Structure formats: structure tokens, C-alpha cells
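The sequence lines fix the lettering, A, B, ..., with proteins before strands; numbering per chain opens at 1. Since we're looking at a predicted model, the values are computed, not measured. Just the heavy atoms: all of them, side chains too, but no hydrogens, waters or symmetry mates, feed the values below.
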Protein chains: 2
Amino acid sequence: MTVTLADVAARAQVSPATVSRVLNGNYPVAAATRERVLRAVDELDYVLNGPASSLAAATSDLVGILVNDIADPFFGIMASAVQSEITGPGGRAGGERMAVVCNTGGSPERELTYLTLLQRQRAAAVVVTGGAIENAPHAAAIGGKLRRLGEAGSRVVLCGRPPADDAPDAVALTFDNRGGGRRLTDHLIGLGHRRIGYIAGPTERTTTRHRLEGHQEALAAAGVADDPRLTLHGPYDRRSGYDATLELLRRAPELTAVVAANDTVALGACAALRDRGLSIPDDVSVAGFDDLPFSIDAVPALTTVRLPLYEAGARAGRIAMGREEEPPGGIATVHGELMVRGSTGVPRPY
Amino acid sequence: MTVTLADVAARAQVSPATVSRVLNGNYPVAAATRERVLRAVDELDYVLNGPASSLAAATSDLVGILVNDIADPFFGIMASAVQSEITGPGGRAGGERMAVVCNTGGSPERELTYLTLLQRQRAAAVVVTGGAIENAPHAAAIGGKLRRLGEAGSRVVLCGRPPADDAPDAVALTFDNRGGGRRLTDHLIGLGHRRIGYIAGPTERTTTRHRLEGHQEALAAAGVADDPRLTLHGPYDRRSGYDATLELLRRAPELTAVVAANDTVALGACAALRDRGLSIPDDVSVAGFDDLPFSIDAVPALTTVRLPLYEAGARAGRIAMGREEEPPGGIATVHGELMVRGSTGVPRPY
DNA sequence: CTGTTAGCGCCTTCAG
DNA sequence: CTGAAGGCGCTAACAG
């Protein structure tokens, strides 16, 4: 039914091994023979059987990418960058490597499931993006899985997540969320803000905690009291920003600034303020985090911390492909850059 | 080295066949035996070998998704939706199906390459998103490839792309780009606009052409002359919208509205207008297409045509999984909805 | 440079 | 309900 390597061999009058060799190009073959084989491949419209090839070679051309949700540009950009680096010849039979994108929704159970599935596929590499859940059993389970993946031959790279205990050979490119959060709030305090609302992400996530800690660090350094009533937790979405902002306004009408866990949440905050008839930044300053593409088009443009998502993803991809040296100690910190734009200004006189 | 099904069988004191049967759960096995096997799997930390399994079963758990660029929410949303539907038991050995996301950059060569790679992987299904290139040889090559994929057992679904000749069994969910473009410009004409700039996408793409044709249809229906100097082509990105808007303003300062090929381009247009000190919509109205999540947060909020990207992707995913009946004739048209918001208004008196 | 020979690890008839 | 046996299509030593 479907044409196999043996058919090609027969037609080209060579042995199957030779066909395999010209296909994989990793072994000397006479030019004339190669031509003949290639022609046969073409004439028969032959397509290599990937599973068979992977089975025999004990490795595959698949690279796993774990993301919370690929529809979120934060993850989409990293995934796109990883892809751009795994592309190009290098896979089996001159083929290219392909990206298996797994939406985990941030759930550790799904992360675990997908890691197992990727191990099952004998993925050449796995890039795990996004923050980690802070929960000992889960962390241990995932760490163990990552270690076993590594032992089974997959290169493991964490992108935007702290190093995993239990998985010593996994390279980690960690975002400096704490430092970014610190600089952002420093900036607001420098402008004169003292009553600053903070809309944090979901609890039990490293990203959430680190960004929040940076904020608190800045408050403490400036001797500003950290009123717990001004910090609200919620998902990383627009709605959360909208609702939390209304709640903050209710709790503390005197507030002059709102810091959001990320840009998406910040947009929600902006919408809520507009709906309340408050002007940004004259009545209330707003800041985000990530600097996603749309942030510059907010009106006023969003002050935020730019994370080099594409660059980090690309680097993760190169390391996963063994095309870039691992950072010393297997850990590198990726810093964010404060982008001061129109959405923050001096507080209103009051 | 790595534990195999035979190891599990030995430990559970059954034959490999039995282990395979409990893993795949598609054959009666005594409860007690199953327990024993499952325990052995657990104790040995056994992970099925995907390639071996796929080879023997002649099918895989992989579902291909072709997108222009996964970093673009237009594609990210569809990809996310497809994923949500292929998730869940149903794959081999109770595992789940995984999505292989391929960034083609809209290049037909890369589309072809990836389709071959997916055929090589014996993908269970392939969902192709985005418009098609209008170029006979390419279209034929891709159509042929899709047909062969189908013949090889992969279910093929086009999502947001017109039906492919040469691939009769590929289901197509086509966006009504023409109708959407028509309604959008009808809306502007209804407001009183007569000098309308149009920033189209790249040439030779069905999406570009259909949206533009809808616009021209509306002009013709209203008896408005279609000045070719008011139509510019460019990529589907913000920069293109920015530059094209400046150029349009240069060519026709009297223009009162700009229609962009999509929301991203529209944001660029808004930025250019702001930079020129023009107010939206008082000086110039702006409209986009797609209704991506950020469009509602533009200021003023963007008038656009909402495409149900998530719904379409989900439906494509269900059809790909055989969980939803194919539309009659294998073709369904997905309509967009005009979303009138603040970025369009009556033209300035002049 | 090329052919021969064993598997890779699993699934799936076919017996029992 | 369970075991035995063959083969899925390809690759990777070995010989030559």
C-alpha cells in the first residue's frame, strides 16, 4: 500500500541501507548512486516513516514546548522564538525538527501528563515556559519527571522559570521578576506615589510571588507602609485587572497608582479607571509587566517592564538544540528593562 | 537500560501481549491481571515507547497545526482552540493527542515542508489555518499534498482558508472575509465617509483579496469611486499600518477614514494618526478586522469585524477528531460580526 | 563505498 | 481471557 524504503531501494537497485544513508546524509555515498536513489524517491513520492525511523534510531525530531496557553502572546512569543531556532536541517533524514506545543493551563497535573507524553515520544528536547507552582509535592513530581526526561536523552531547558530541584541537568533561563517589580515600584515612588494598589497574579506561583516581593521591597526601601488591603490576587487576565481595580478604588479612593501583575491585567485596570471617569495618569497612574506588543498602543502607552521574551525563547531553543553553550552552573538570569511611558506620572495633588 | 513492555510483562508475570492490552484498554483483560500489570508499570516507572507503538499501530497521536506565526494572537487563538478539543483520552494507550504547531510564515514552501513532515509522522490529523497563497503551482502542490495526507490516513481540516482544489476530502471552514469587508465599508459609507483609505495585506493571499473585494463591493454599491491611490498593500503588522497611514495622509489629506486589513495594522494606523495630531474618529475614522482581544482596549475602542476564531478552531479540532460531523459538502462558511465601537464616527464637516 | 544482518519496542492476528 | 509468533519500516553495526 504505502511505499517503503525497500520499494525505493528496489527501484534504485541498491540496498535499503544505502537508501537510508542518502536520506540521512550522514555517511558517504557515491554521487551517482545518490542521484539514482533521489530520483526513485521522487518518482515513488516516498515519505520516510517517522515512527519507524525514530524507533530504530532511538530518538525523534520532536521538541516539546510547555506553555500555559498558546493564545496568550506572552507564551506565543516564546514558543515562536523556540521554533525559529529548532527549524532548519538537523533532524533525521534532513528533515526539520517540529515543535509539540502543550497547553497546560498552568496546572501541574497537566504539566506532568504532557512531560510523560513527551518522554513517550522520545522528544529530542523539552522547553518548559512560565512560572512554577509553589507546592512541594508538585514541584518534586515535576522535578523528578524532568530529571528522568533528561536521563532518557531529552535536553531540558526551563525558560522563564526558576531552576527545578531534583533536575540538576535542566538548564534554567530565569526572569528577574523580583528585580523588575522592584524597579517598577521604585519608579512610582520616585514620582511621589505613596498609596499604590497592587493587582497580583494567582497565588502559589513563583512569577506572582517574585513580582510582588519586588514591589514590597521597593515600598520597604522607601519606608512606605505596605497596606495589605491594597494587594489583591487574581488570574493573569483582563477581567481580573478590571474587577480588582474597582475593588481597590472602593477600598482606597485616595490611591494614586495601580501596579498590575502583567500588561493584560493592566489593560483591565485602565478600562476600569476610564469607566470610572478617572484619567490616566493624572488621577491614577498604571503600570504593567512584560511589555507585550499591544502595550505601546494603549492610550496612554503603558509603563511596564520589558521582558525579552523572544530573545529568551530563542536562546532556550538554541541551548535545547545544543547550538549554544549552557550558562555557567546551568542557570542564567534574564533581566527586564523598565519602560517608562505615558501611563505613569506624578500623583495628583490630592 | 530503559524499561520496556517486556520488563513490565516479566514483573507482572504475564505476556507482553497482555500488558499491551491493558495499556490500550481496547480488549478484555481480567481485573486482577490488570491490577498486577498497572502496579508493575508503576513500580518500574514504565513509559510507553511512542515511536514503537506508532510504528506497530500505523498511526500516531500527533495532530499538526499549521499557522503563519504562533506569536500572532490571530493564530494563537485558533491553535489554542484546536488543542482544547484534541485534548483528553483518545490517543494510544489512553494517552492524549498532542499538537505539533508549525510556523510557516505564510510561505508555501514551508507549508509544503511541514505537511511532508507531518505525513512522515503519520499525524492523526492536520489543521491548516490562515489564508492561502494565490499562485497556481503552489496551490496545486499544496492541494496535492493535502490529498496524499488524507489518503495516508490523516484527517485534514482547513480553518479560515478556502477549500483546496485537488484535496476533495479536506474539510474547509472558510471565513467570510468578503462579506465582513463589505459590511465594514458599508458602515463607514453609512456614516457619510466618501474618501476612505484602505491598507490591504500582502498581495497574492486569499484573505487580502477577499477583504479588499468586500471593501470595493461596498464602494461600488454606494456609487463611490474607487481611487486606486487610496489602496496600499503591506504585511499584516503594525508597522505597515503606521507607514501606510502616513503615506495615505500624504496622498489624500482630505481622507476621512482608514480601513485596515486587520486589527494589528489598524493599531499602527491609530498610532500614526495620533503622531500627526489627528483625532480618532473626529478627524479620521479607523476600522480593523478580526477583533483580537486587544482591540477593545484601543482608545477609542476599535470598530472591527469579529471573527469567531476560538469557535472556528474548536470546531476544526472536533472535526479533525471525528467528534463532529463534517459540514455538508465539506465546506462551511464562518461569518464575521460587525463590531461598531468608538474608532468610527461621522466624518468631519471638512 | 555498498550489501547483509539483526534488532529497535510494540501491536495483533491466531491459537489455546 | 491469555500466550506465542510474526512483522511494522527503518537504522546501525559489521563485513566486504
Check your understanding: Taking atom types as modelled, is there a side-chain donor on B:His138 or B:Glu111 under 3.5 Å from an acceptor on the other?
Key -> no

Practice item. I would like to know whether A:Glu324 and A:Arg315 meet salt bridge (charged side-chain N to carboxylate O under 4.0 Å, His left out); could you show each step before the answer? Key: CA-CA 8 Å; A:Glu324 175 170 325; A:Arg315 187 169 172 203; 3.0 Å; yes

Practice item. State, to 0.1 Å, how close A:Val29 and A:Arg21 come at their nearest heavy-atom pair, and which atoms those are. Key: CG2-CB, 3.8 Å

**Study point:** Salt bridge present between A:Arg110 and B:Glu96 (N-O < 4.0 angstrom)
**Key:** yes

Point to revise | Salt-bridge present (B:Arg205, B:Glu134; N to O < 4.0 Å) | key: no

**Study point:** Verdict with supporting geometry, B:Arg147 and B:Asp169, salt bridge (charged side-chain N to carboxylate O under 4.0 Å, His left out)
**Key:** CA-CA 7 Å; B:Arg147 182 174 43 66; B:Asp169 45 338; over 6 Å; no

**Study point:** Distance-only donor-acceptor check, side chains B:Thr113 and B:Thr116, under 3.5 Å
**Key:** no

Review point. When you look at CD of A:Gln13, are more than 12 heavy atoms from neighbouring residues, nucleotides or ligands closer to it than 6.0 Å?
Key: no

Review point. Hey, are A:Ser107 and A:Tyr114 close enough side-chain-wise for a donor-acceptor pair under 3.5 Å?
Key: no

Practice item. Look at all strands and tell whether A:Ala30 reaches a base, only sugar-phosphate, or nothing, counting heavy atoms closer than 4.0 Å. Key: sugar-phosphate

Review point. Atom CD of B:Gln121 to atom P of D:dC8: distance rounded to whole Å?
Key: 20 Å

Check your understanding: Of the candidate nucleotides D:dT2, C:dG3, C:dT2, which contains the atom at the shortest distance from the side chain of A:Val14?
Key -> C:dG3

Practice item. On DNA chain D, check which nucleotide each of B:Arg34 and A:Ala17 is closest to and give me the residue with the more 5' one. Key: B:Arg34

Exercise for review: Please tell me if the side chains of A:Cys102 and A:Val100 come closer than 4.5 Å, counting only heavy atoms from C-beta onward.
Suggested key: yes

Please tabulate, one pair per line, each protein N/O and nucleotide N/O from nucleotides 14-16 of chain C that are separated by under 3.5 Å, including the distance.
none

Using a cutoff of under 3.5 Å, can you pull out all pairs of nitrogen or oxygen atoms linking the protein to nucleotides 7-10 of chain C, with atom names and distances?
from   : atom 1 : to      : atom 2 : distance (Å)
C:dC10 : OP1    : B:Tyr46 : OH     : 2.1
C:dC10 : OP1    : B:Asn49 : N      : 3.4
C:dC10 : OP2    : B:Leu5  : N      : 2.5

Point to revise | the helix from C:dC1-D:dG16 to C:dG16-D:dC1: angle between end helix axes, five pairs per end, rounded to 10 degrees | key: 30°

